[in-house]
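This report refers to the structure that appears directly beneath it.
The sequence lines fix the lettering, A, B, ..., with proteins before strands; numbering per chain opens at 1. Values below: every heavy atom of this structure, side chains too, minus hydrogens, waters and symmetry copies.
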Amino acid sequence: MSATDPIIRIADLPDQVGQTVTLSGWVTHLRSSGKIAFIVMRDGTGVLQCVVAKKEVPEAAWEAFGTLTLETSLQVTGVVRADARQAGGVELGVSALAVIGPSALDYPIQPKEHGIDFLLDHRHFWLRTPRQVAIMRIRNEIEQAIHDFFYERGFLRVDTPILTAAIGERAGLFSTEYFDEGNAYLAQTGQLYGEAAAAAFGKIYTFGPTFRAEKSKTRRHLTEFWMIEPEVAFNDTHANMRLQEEFVAFLVRRAVERRRAELEELGRDVSKLEAVQTPFPRVEYGEAVKTLQGKGSAIQWGDDLGAEDEALLVEDYATPIFVCNYPKEAKAFYMKENPDDPRTVLCDDMLAPEGYGEIIGGSQREDDHDKLLARIREEGLPEDAYSWYLDLRKYGTFVHAGFGLGLERTVAWICGSPHIRECIPFPRMMHRLRP
RNA sequence: GGCCGCGUAGCUCAGCUGGUAGAGCAGGUGACUGUUAAUCACCGGGUCACAGGUUCGAGUCCUGUCGCGGUCGCCA
């Protein structure tokens with residue numbers, strides 16, 4: 001309770017023992033034992049057992065208990081009592097009870113196991129359950145930590161367009177009609193705009209939704225996901241990786257410090273997160289290929305790392321690792337050629353431990369106009385769409401580097417979640433557009 | 001999209017070598033003053049995804065379609 005929130009919430013109750021309070025919420029469990037009844041209610045800040053004794057409440061309140069069903073919204077008044085048997089250490093001795101909104105008898109989500117398809121169809125209700133509440137609080141903590149990290153370091157947040165002309169990477173684009181301009185496409189990266197902004201503001205980051213029409217059915221893909229893309233003028237690839245490891249370690253530390261209760265609700269082994277310390281190991285692509293061949297992988301120089309390769313490579317480390325300087329064929333056109341080995345580009349993938357795979361893709365950007373133009377032509381990209389991007393190399397080109405962090409993948413790793421679909425409030429996937 | 005698997009009550013599932021549909025939970029009624037996904041008794045609840053085929057007979061076997069999941073590729 002505060003000046004701007006006069007409503008008492010369940011989370012406030014440990015400080016209110018002995019007080020009579022009125023609070024509102026929804027029914028999650030009902031138990032009755034003749035002349036004593038128990039309502040377990042939630043309000044988004046916590047869960048509370050309310051005890052209704054027939055002798056101690058008005059007739060109307062006792063009868064109101066009889067009408068309660070799962071997810072009825074209600075207002076209860078009573079005395080806060082310390083009770084060591086309860087999760088939050090308190091329970092409420094009810095003196096009055098009023099239904100705000102009744103809930104139909106067929107509320108679909110029960111306190112038991114459900115299949116994933118059913119849960120996704122009922123995402124609007126699934127979000128009310130304790131595990132989902134914990135994940136969303138951790139997601140929110142990470143989002144806030146991202147803003148704090150960059151704000152404290154003097155970065156400017158830049159909001160890049162979602163409707164764009166055909167520009168970005170190779171993955172599939174969602175398109176929509178755009179007046180007389182032909183098709184517009186939903187942005188699959190803000191990076192190119194981020195590069196323009198870096199030349200204006202020095203250090204920037206973007207934080208926004210991105211869209212990929214990839215027909216991917218995996219635990220690590222969504223068609224709509226949130227990405228954080230910093231871009232720093234005059235950073236080279238080494239400074240870029242230092243920023244990445246400092247950033248990711250900051251996010252993990254923040255979740256462990258401020259959301260330990262939620263991590264424990266999820267059954268997360270917090271010691272694995274506490275083991276995440278900088279610096280993260282750097283593994284050159286060429287070394288990675290040799291290591292993987294030594295472990296029995298069929299990978300050849302030039303191939304991208306497969307999911308199995310990533311898992312094999314990461315198994316020896318407790319922290320995320322960088323795999324750097326991939327062959328240029330495996331990577332996007334805008335990455336800078338490696339002066340020490342022109343077959344490769346100055347880039348890095350950050351692979352999370354415990355098999356969570358790639359959470360960051362980063363690179364130093366190609367700052368030479370002619371080399372960039374040649375790459376655009378090699379890839380068969382529409383040159384006119386990239387003319388403004390090429391201009392950045394004509395008018396005061398600059399060494400710069402940046403990266404993209406996938407929010408849901410990061411949340412999934414920190415939460416120990418088996419699938420990123422539960423790490424965003426309303427997931428969008430190839431076969432799922434609602435709710 | 002490739003490969004593999006699944007589809008039976010509102011939910012989670014069982015249903016054997018083919019013989020006409022089951023449990024738990026949820027819901028209803030009742031009992032119980034300390035329960036923690038309470039317990040106990042009784043009750044209602046089914047186009048076995050859809051279409052075709054084999055068979056005296058198909059939830060079960062075969063073919064096709066649809067839906068979903070897992071995995072791979074692509075990437076964050």
Side-chain angles (χ1 to χ4, degrees), chain A residues 28-40 47-57 62 66 69-71 81 83-88 91 93 103-122 125 129-130 168-172 188-191 206 208-229 244 248 303-311 326 330-332 349-352 356-362 403-413 418-421 423-424 429-432:
Chain A
T28 66
H29 299 271
L30 292 165
R31 291 185 286 272
S32 138
S33 184
K35 299 189 177 62
I36 188 167
F38 303 91
I39 305 164
V40 180
V47 173
L48 176 70
Q49 172 163 281
C50 306
V51 184
V52 188
K54 189 175 182 185
K55 282 200 306 197
E56 294 164 20
V57 295
W62 183 255
T69 55
L70 285 183
E71 293 298 321
R81 298 194 293 239
D83 188 314
R85 292 169 291 189
Q86 305 310 320
E91 66 175 18
S103 173
L105 289 176
D106 53 355
Y107 183 73
I109 308 263
Q110 299 169 28
K112 58 173 285 194
E113 295 285 322
H114 290 290
I116 191 64
D117 190 37
F118 178 82
L119 288 171
L120 286 168
D121 283 343
H122 296 87
F125 293 140
T129 63
E169 302 187 21
R170 287 174 283 197
Q188 48 181 214
T189 173
Q191 179 202 312
T206 73
T210 48
F211 307 88
R212 307 252 170 118
E214 297 161 349
K215 291 184 174 172
S216 301
K217 286 194 312 178
T218 80
R219 66 182 65 203
R220 305 174 52 233
H221 287 83
L222 298 167
T223 55
E224 176 180 310
F225 65 98
W226 289 69
M227 188 153 65
I228 292 83
E229 297 181 283
Q244 289 168 51
V248 168
D303 296 344
D304 205 351
L305 270 61
E308 200 179 320
D309 295 321
E310 287 185 1
Y326 282 70
K331 289 292 171 183
D349 284 353
M350 186 192 291
L351 307 181
Y356 276 90
E358 185 180 350
I359 55 172
I360 283 180
F403 61 91
L405 172 111
L407 180 64
E408 289 76 16
R409 288 185 181 180
T410 304
V411 173
W413 163 49
H419 201 302
I420 65 172
R421 65 191 159 202
C423 297
I424 184 169
M429 294 177 291
M430 188 165 64
H431 296 299
R432 196 164 291 278

Hey, is the side chain of A:Q110 pairing donor to acceptor with the base of B:G24 inside 3.5 Å? no
Quick one: pull up NE2 in A:H221 and CD1 in A:I420 and give me the separation to the nearest 0.5 Å. 7.5 Å
To the nearest 0.5 Å, atom CZ of A:R31 lies from atom CD1 of A:I36 at 11.0 Å
So, does the side chain of A:S216 form a donor-acceptor pair with the base of B:C75 at under 3.5 Å? no
For B:G24 and B:C42, measure between their P atoms and round to the nearest Å. 10 Å
N-O pairing of A:D83 and A:R81 below 4.0 Å: no
With rounding to the nearest 0.5 angstrom, report the NE2 to CG distance, A:H122 to A:D117. 10.0 Å
Establish, with yes or no, whether the OP1 or OP2 oxygen of B:C68 is under 4.0 angstrom from a side-chain nitrogen or oxygen of A:H431. yes
Any N/O donor-acceptor pair, A:E56 side-chain to B:U33 base, under 3.5 Å: no
Quick note, A:A307 side chain, CB onward, closest among B:U35, B:G73, B:U12 is B:G73
Does the structure show a Watson-Crick or G-U wobble partner for B:A23, both distances under 3.5 Å? Name it, or say none. B:U12
By the 4.0 Å heavy-atom rule, please label A:G115 as base, sugar-phosphate, or nothing. sugar-phosphate
Looking at A:L407, A:L405, A:T189, A:I360, which one forms a side-chain contact (heavy atoms from CB on, under 4.5 Å) with A:M227? A:T189
A:R220 side chain N/O closer than 4.0 Å to the phosphate oxygens (OP1, OP2) of B:C72? no
B:G7 pairs with which nucleotide, Watson-Crick or G-U wobble, both distances below 3.5 Å? B:C66
If the cut-off is 4.0 Å, is A:R31 near the phosphate of B:A38, judged by side-chain N/O to OP1 or OP2? yes
A:F38 ring over B:G34 six-membered base ring, under 5.5 Å and 30°: no
Can you tell me the Watson-Crick or wobble partner of B:G18, both distances under 3.5 angstrom? none
Look through every strand shown and name the nucleotide pairing with B:U55 as Watson-Crick or G-U wobble, where both distances are under 3.5 Å. none
Partner lookup for B:C42, please. Criteria are Watson-Crick or G-U wobble with both distances under 3.5 angstrom; report none if nothing qualifies. B:G28
